[in-house]
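Heads up: the structure comes next, in structure tokens.
We're numbering straight along the sequence, starting at 1. Whatever order the structure lists ligands and atoms in, that order sets their numbers, starting from 1. Reckoned from all heavy atoms, side chains included, excluding hydrogens, waters and symmetry mates.
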Amino acid sequence: MPKIKDLRGNLSVIESCSDIPFEIKRTYLIYDVPGGQIRGGHAYRNQLEFIVSLSGSFDVHLDDGVNKEVFSMNRSYYGLLVSNMIWRSMQNFSTNALCLVLSSTFFDKNDYMKDYESFLEEVKAL
Ligand code: TYD
């Protein structure tokens, strides 16, 4: 994200369809995560999301069915764009971690893929 430095404090901005490649339909927060807990553990068929650590830190594990990568989120001006059809989980939350997720879709429980083996099959068929 752009970081506008200022002696009064820094400012970062996320604008729909320019800083991120989708219109923001929904935002949600993940917070008060007890030590050792894992959030996510699924993929979305259609949803794109942009994940930001507003405070504290956590790791985002991404898996496209072939490659796996871990991103450490610990800067409030750093966002991670996650495409649809990517298996993702969030782990290793620090005390007081505050995770912001910007989503390209309204909530739709039918967009979730929660079974990893089915995800692998669907991703291979793409
Ligand atoms: P879920 O996406 O499964 O959380 P995580 O993947 O981080 O573990 O959502 C947990 C619960 O919250 C589930 O019952 C659905 C509900 N929920 C909503 O109602 N609206 C939302 O926008 C989201 C993200 C979740």
Side-chain angles (χ1 to χ4, degrees):
M1 282 175 243
K3 182 174 175 184
I4 302 168
K5 290 187 180 173
D6 193 306
L7 291 175
R8 300 167 300 161
N10 300 325
L11 184 154
S12 291
V13 60
I14 308 162
E15 207 166 292
S16 274
C17 306
S18 58
D19 297 307
I20 52 174
F22 60 81
E23 186 183 346
I24 299 163
K25 294 270 176 55
R26 179 167 52 105
T27 66
Y28 61 93
L29 300 171
I30 297 173
Y31 53 97
D32 290 348
V33 179
Q37 290 294 328
I38 298 176
R39 300 295 315 215
H42 52 68
Y44 301 105
R45 289 192 174 83
N46 297 306
Q47 180 189 309
L48 311 181
E49 62 185 8
F50 190 71
I51 301 173
V52 182
S53 170
L54 292 181
S55 89
S57 63
F58 55 87
D59 297 334
V60 183
H61 293 239
L62 299 184
D63 176 354
D64 65 4
V66 178
N67 300 301
K68 297 181 183 186
E69 210 162 330
V70 181
F71 295 85
S72 289
M73 308 297 293
N74 54 17
R75 296 280 182 273
S76 47
Y77 54 84
Y78 177 71
L80 184 65
L81 179 66
V82 182
S83 185
N84 58 325
M85 296 303 282
I86 301 283
W87 193 267
R88 73 111 168 100
S89 68
M90 281 108 115
Q91 317 184 13
N92 198 22
F93 284 84
S94 68
T95 306
N96 294 333
L98 175 56
C99 167
L100 171 73
V101 182
L102 309 179
S103 168
S104 66
T105 66
F106 296 116
F107 179 68
D108 175 9
K109 62 178 174 23
N110 297 318
D111 195 38
Y112 280 70
M113 305 183 69
K114 291 188 169 175
D115 180 68
Y116 186 67
E117 295 307 319
S118 312
F119 161 74
L120 288 180
E121 278 174 27
E122 278 199 41
V123 109
K124 270 188 207 143
L126 287 177

Ser72 versus Asp59, side-chain donor and acceptor atoms under 3.5 Å
yes

In the protein, what heavy atom is nearest to [atom], and what distance, to one decimal place, separates them?
atom	answer
atom 1 (P) of ligand 1	Tyr112 OH, 3.7 Å
atom 16 (C) of ligand 1	Phe107 CZ, 4.3 Å
atom 7 (O) of ligand 1	Arg39 NE, 3.1 Å

Phe71 vs Phe58, side-chain contact (heavy atoms from CB on, under 4.5 Å): CA-CA, chis, key distance, verdict:
CA-CA 9 Å; Phe71 295 85; Phe58 55 87; over 6 Å; no

Could you tell me if the side chain of [Y] sits less than 4.5 Å from the side chain of [X], heavy atoms only?
X	Y	result
Ser104	Ile24	no
Ile51	Met90	yes
Arg26	Phe107	yes

Before signing off on this row, confirm whether His42 and ligand 1 have an N or O atom pair separated by under 3.5 Å.
yes

Could you tell me whether Asp108 atom CG has more than 12 heavy atoms of other residues or ligands within 6.0 Å of it?
yes

Atom 24 (C) of ligand 1: of Arg26, Met90, Lys109, the nearest heavy atom sits on Arg26

Numbered atoms and elements of ligand 1 in range of Tyr28, under 4.0 angstrom, heavy atoms:
24 (C)

Any non-hydrogen protein atom below 4.0 Å of atom 18 (C) of ligand 1?
yes

